[in-house]
Amino acid sequence: MIKQLQLLKRKITVRMQFLIRKRNQKRQVKAVIKKYKLNDPIERQKIVDQFYLIQHKKRAFGRKKKLHIEEKVRFMIHHKLIKIV
């Protein structure tokens with residue numbers, strides 16, 4: 001009986017830890033979206049246009065700016081804020 005209760009307690013604690021981690025990840029994603037204003041369609045289009053410019057012109061932006069824009073685009077694709085056609 002005691003063994004079963006210990007196993008049940010362990011399962012519940014593991015599940016709660018998972019749910020807490022998942023909730024914190026959602027908060028983090030929402031914070032990033034809010035920070036970079038990714039819910040705004042105009043801002044998203046601006047980032048996509050910059051990414052398009054990077055793809056077609058070698059010297060469009062500096063290295064850090066390019067990495068930052070590419071990171072934003074990957075984030076938006078991963079979280080389904082934009083769709084690839």
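Fair warning: this is a prediction, and the values are worked out from it, not measured in the lab.
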Assess whether atom NZ of Lys66 is packed by more than 12 heavy atoms of other residues, nucleotides or ligands within 6.0 Å. yes
Distance in Å, Gln55 CD paired with Lys57 NZ, rounded so as to fall on 0.5 Å steps: 14.0 Å
Side chains of Asp49 and Gln45: do they bring a donor and an acceptor to under 3.5 Å? yes
From the list Gln25, Lys30, Arg23, side chain to side chain contact (heavy atoms under 4.5 Å, CB included) partner of Arg27 resolves to Arg23
I need the minimum non-hydrogen distance between Glu43 and Lys37, along with the two atoms involved. CB-O, 3.4 Å
Please check if atom CD in Gln28 has more than 12 non-hydrogen atoms from other residues, nucleotides or ligands closer than 6.0 Å. no
Exceeds 12 heavy-atom contacts within 6.0 angstrom, atom CZ of Arg63: no
Below 4.5 Å, heavy atoms only, C-beta onward: do Arg44 and Asp40 meet side chain to side chain? no
Interatomic spacing from CG in Leu8 to CD1 in Ile12 - rounded to 0.5 Å: 4.0 Å
Proximity of Phe51 and His56 rings by center, below 6.0 Å: no
If you count every heavy atom of other residues, nucleotides or ligands that lies below 6.0 Å from Ile42 atom CD1, does the total exceed 12? no
When you compare the side chain of Leu38 with that of Ile47, does any pair of heavy atoms fall below 4.5 Å? yes
